[in-house]
Every structure is written in C-alpha cells, then in structure tokens.
Amino acid sequence: MEEKHVPRNIGLDLVRVTEATALAAGHWIGSGDLMNTHRAATQAMARALNTLDINGRIVIGEEHRLGQKSPLCSGQSVGKGKGPEIDIVVDPIDGTKLLVKGRPGAISVVGIAPKGTIWSPVPAIYMDKIVVDRDVAHALVPECMDAPAAWTLALIARVKQKPVRDLTVIVLDRPRNRDLINEIRATGAHILLRDEGDTEGALVAVTPGTGVDLLMGIGGAAQGVIAACGIKAMGGAMLARLAPQSEEEKRAIYAAGLDDTKILTCDEIVTSNEIFFAATGITDSVLLPAIKYHSNYAETYSLLIRARTGTRRFIHAEHGVRV
C-alpha cells in the first residue's frame, strides 16, 4: 500500500502551536494553580490547532488529565476541516505539576502522522516502557521487557562499550516502579528519578549528547504513544506494553479489545514514517531552555523533528506581542 504523505511545510505550523501553548502556560510557572494552568494551555493549543489547514483527529488527548472537560479529548476533530487527513497526539504540558512548582522539565508537545497510522490505547492509562537511542536501537529485543533489569542494562552496556555502572537511566519516581528502581541500583547504574515529565524523559533518553542512556518503567500510556512519535522520528527504539494498575483499568482495556500482554515497538505504535514532532520548552530542561520574558517580547526554544528526512531543527524565536 502506498504511504500517505503529510505536507513538508507543516512542521513550522506545529512549532507555532507548541509556541503558543508554551507562552500561555509560561505565565503560570510557579503559580501552584494546577487547574487554571492546565486550562490555559489546553485552550491555547486547541485555538492554535484550529487555525491550521488540516482535517485532524486527536488520537491521544486529554481525557485522563485532571478530570476536566477538554477540547483536546481523543476523537476530537481539529483544524479547519480542509487539507490533509492526519492523526494528532497532544500534550499541552508534559509536566504540569513541575511547571506550577517552578521546577525543570515542563514542555509542550504535539505529533502528527497520516490518518490511521497512530495506535490509540484509549482507555488505557498506564504503559511499561523501555526507550533507547539510535546507537542501541538495533539491539533492543522484546525479551528485554520481561528480563531482569541487570540483563537489559548489560546488553545496552555492551553495545555502548562501557561498564553498566556508567549507564544513566531515567525512571519515574512512583511506587509502581520501586522494584525496578531497586534492581537498577543493585547493578550500580546511575538513576535519574523523575517526579513527572514522562514524554520529556523519553526524548532526553533518545537525544544524543544528553548523558542519558535509556528510560525504563511504568508511566502514562498517552505519553508513551506521544513519545513514540519523537523516538521513531529520531531513529531510536522503544518497547512498550500496557500495564493496568487497577481492576477497573483492566476491565476497561479488555472491553476496548486491547491486549495487555502484547509487546509493541515504535513501528507498531506509529506505522507511518511521515511523522512530524514539535516541542517547546516551558521550564528549563536538558532538552530545551525555558521561556524567557522581557519587557516587550518573549523568547521560546523549540525542537522540530521530521522522521522521513531524519532532520532535527532547534528553533529560537522572539515573540514581539506579549500573550
């Protein structure tokens, strides 16, 4: 089957979406106001997406975020209703709690691919993941998902030609990951524990030069699909499997026909290579600098990735109109 194409000039449109969202969210840094921060960012992203000449459908959206009704729920149509038919994954703020506490690691992200090419795990909430960069991508095998952490880390260390104790692993600091954290500590590898920022952590793990070798552990299912777009676009690899954390979630995913035993790769989560992925920094991170506000303008720092060409663009913009 011939692959459907996404216009090559749509990338900058996506950056404008994440910039607008980040600028709206940036005014709430350190505010402690989770609800209004989330609302401002979500509304800004929805407005920006609806200015685009696309016939878009949200595949991964906001239905599990803070219990609020959102214009960016899965299944929602966005764009002007003309132009290419595309699947869209969004997270107005990856790391909302970090942002409202004024902590590093909050970004705004959006990814797109042709219609029908991004897998939707709705109503799943949690997903187990392993993410590695392009140097290790060829060596990541499904057995890693069920193997002891020491086995997986030894495999990655061999490929990277360094001792296990010199590997650095990002893990979400959650009770559900406690056994994994203890396993990694027993190997002597370094751990970077994250309070939040599942997507940003995966992107850091797959980006060259960050000093991070991989991400492991159970995080959000939505964030896993969003991250898969960026990971595939950068030539990295990911293994993922739904990991329901309650009987209610298990019943919901079974009713939806989802399989929590199947191990998925990036190519199964996003079947197309026509991926565009954009992210804009809100607070400082290894990936992107924070928004900077001045007396009559603001600066943003964004990342734009195109999978087909393997291109990563870092975009520094000045916005003369304060929002």
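- With a 4.5 Å cut-off on side-chain heavy atoms, I269 and T265 do not count as touching.
- In this structure, T207 and V204 have side chains that are not in contact, with every pair of non-hydrogen atoms separated by 4.5 Å or more.
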Could you walk me through whether M216 and V131 satisfy the side-chain contact (heavy atoms from CB on, under 4.5 Å) test, starting with their C-alpha distance in whole Å, then the side-chain angles of each, then the deciding distance to 0.1 Å, before giving a yes or no?
CA-CA 7 Å; M216 300 180 77; V131 175; over 6 Å; no

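- Open room surrounds CZ on R313; 12 or fewer heavy atoms of other groups in view lie less than 6.0 Å from it.
- C144 SG to I156 CD1: the interatomic distance, rounded to the nearest 0.5 Å, is 6.5 Å.
- Hydrophobic clustering (ILVMFWY, side-chain heavy atoms < 4.5 Å, transitive): I231 and V286 are in one cluster.
- Across R103, K97, K101, a single residue satisfies side-chain hydrogen bond (donor to acceptor under 3.5 Å, both in side chains) together with D195, and that is R103.
- Around atom NZ of K80, more than 12 heavy atoms belonging to other residues, nucleotides or ligands sit under 6.0 Å away.
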Run the numbers on V270 and W119 for side-chain contact (heavy atoms from CB on, under 4.5 Å), then give the verdict.
CA-CA 6 Å; V270 191; W119 175 64; over 6 Å; no

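- The CG atom of L72 lies 12.5 Å from the CD1 atom of I60; values are rounded to the nearest 0.5 Å.
- Counting heavy atoms from C-beta outward, L203 and F277 have side chains that approach closer than 4.5 Å.
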Evaluate K250 against E247 for salt bridge (charged side-chain N to carboxylate O under 4.0 Å, His left out), listing each step before the verdict.
CA-CA 5 Å; K250 284 183 181 180; E247 288 302 318; 3.7 Å; yes

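- To the nearest 0.5 Å, atom CG of residue D284 and atom OH of residue Y301 are 9.5 Å apart.
- I54 and I112 fall within a single hydrophobic cluster, where Ile, Leu, Val, Met, Phe, Trp and Tyr are joined by side-chain heavy atoms under 4.5 Å apart, directly or via other members.
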Checking I218 against L172 for the side-chain contact (heavy atoms from CB on, under 4.5 Å) test, could you report, in this order, the C-alpha distance in whole Å, the side-chain angles of both residues, the deciding distance, and whether it holds?
CA-CA 7 Å; I218 298 173; L172 279 182; over 6 Å; no

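- With T51 contributing its side chain and A48 its backbone, the two residues share a donor-acceptor pair below 3.5 Å.
- Under the side-chain contact (heavy atoms from CB on, under 4.5 Å) criterion, A147 pairs with W151, T152, sequence neighbours left out.
- Annotation: the span from L304 atom CG to D13 atom CG amounts to 10.5 Å, rounded to 0.5 Å.
- Between R251 and E248 there is no salt bridge, since no side-chain N of the basic residue sits under 4.0 Å from a carboxylate O of the acidic one.
- Residues passing the ring-ring contact (aromatic ring centres under 6.0 Å, His included) test with Y126, sequence neighbours excluded: none.
- With a 6.0 Å radius and a threshold of 12 heavy atoms from other residues, nucleotides or ligands, E318 has its CD atom above the threshold.
- In this structure, a donor-acceptor pair under 3.5 Å is present between the side chains of S302 and T280.
- Using a cutoff of 4.0 Å between basic side-chain nitrogens and carboxylate oxygens, D267 and K232 are scored as salt-bridged.
- For the pair D87 and R57, the salt-bridge criterion is met [side-chain N within less than 4.0 Å of a carboxylate O].
- Looking at D146 and I263, their side chains come closer than 4.5 Å, going by heavy atoms from C-beta outward.
- Under the 4.5 Å side-chain criterion, counting only non-hydrogen atoms from C-beta, V171 is not in contact with L215.
- Side-chain N or O atoms of E299 include none that pairs as donor or acceptor with a backbone N or O of I291 at under 3.5 Å.
- Centroid-to-centroid, the aromatic rings of Y297 and H319 stay 6.0 Å apart or farther.
- Side-chain contact between V100 and M35 is absent, with no heavy-atom pair separated by less than 4.5 Å.
- By the 6.0 Å contact criterion, CD on Q245 is enclosed, its count of non-hydrogen atoms from other residues, nucleotides or ligands being greater than 12.
- To the nearest 0.5 Å, atom CG of residue D33 and atom NE2 of residue H38 are 12.5 Å apart.
- The closest side-chain donor-acceptor pair between S272 and T117, if any, does not fall under 3.5 angstrom.
- Within 6.0 Å of CZ on R134 lie no more than 12 heavy atoms contributed by other residues, nucleotides or ligands.
- With I88 as the partner, the side chain to side chain contact (heavy atoms under 4.5 Å, CB included) test is satisfied by one option alone out of I118, V78, V59, V17: V78.
- To the nearest 0.5 Å, atom CG of residue D128 and atom CG of residue L239 are 9.5 Å apart.
- R185 meets the side-chain contact (heavy atoms from CB on, under 4.5 Å) test with R178, I181, N182, I191, L193; sequence neighbours excluded.
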side-chain contact (heavy atoms from CB on, under 4.5 Å) between D94 and S108, worked out:
CA-CA 6 Å; D94 179 54; S108 178; over 6 Å; no

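- In this structure, S120 and V225 have side chains that are not in contact, with every pair of non-hydrogen atoms separated by 4.5 Å or more.
- With hydrophobic clusters built from ILVMFWY side chains whose heavy atoms lie under 4.5 angstrom apart, I226 does not share a cluster with V132.
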Between N50 and R47, does a side-chain hydrogen bond (donor to acceptor under 3.5 Å, both in side chains) hold up when you go through it step by step?
CA-CA 5 Å; N50 284 329; R47 284 195 301 268; over 6 Å; no

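- Using a distance-only test at 3.5 Å, with no hydrogens or angles considered, no donor-acceptor pair links the side chain of Q76 to the main chain of C73.
- In summary, K115 and E85 engage in a salt bridge, as defined by a charged side-chain N under 4.0 Å from a carboxylate O.
- Donor-acceptor pairing under 3.5 Å is recorded for the side chains of E200 and S285.
- In this structure, T283 contributes its side chain and G105 its backbone to a donor-acceptor pair below 3.5 Å.
- Residues M238 and V89 are members of one and the same hydrophobic cluster, defined by side-chain heavy-atom contacts under 4.5 angstrom among Ile, Leu, Val, Met, Phe, Trp and Tyr.
- Side-chain atoms of I305 and T311, non-hydrogen and from C-beta on, never get closer than 4.5 Å to each other.
- In this structure, D213 pairs ionically with K160, as a charged nitrogen and a carboxylate oxygen lie closer than 4.0 Å.
- One side chain, T261 or D259, offers a donor N or O that lies under 3.5 Å from an acceptor on the other.
- Side-chain atoms of H316 never come within 3.5 Å of backbone atoms of T300 as a donor-acceptor pair (strictly under, hydrogens ignored).
- N177 and R174 share no donor-acceptor pair across their side chains, judged by distance under 3.5 Å alone.
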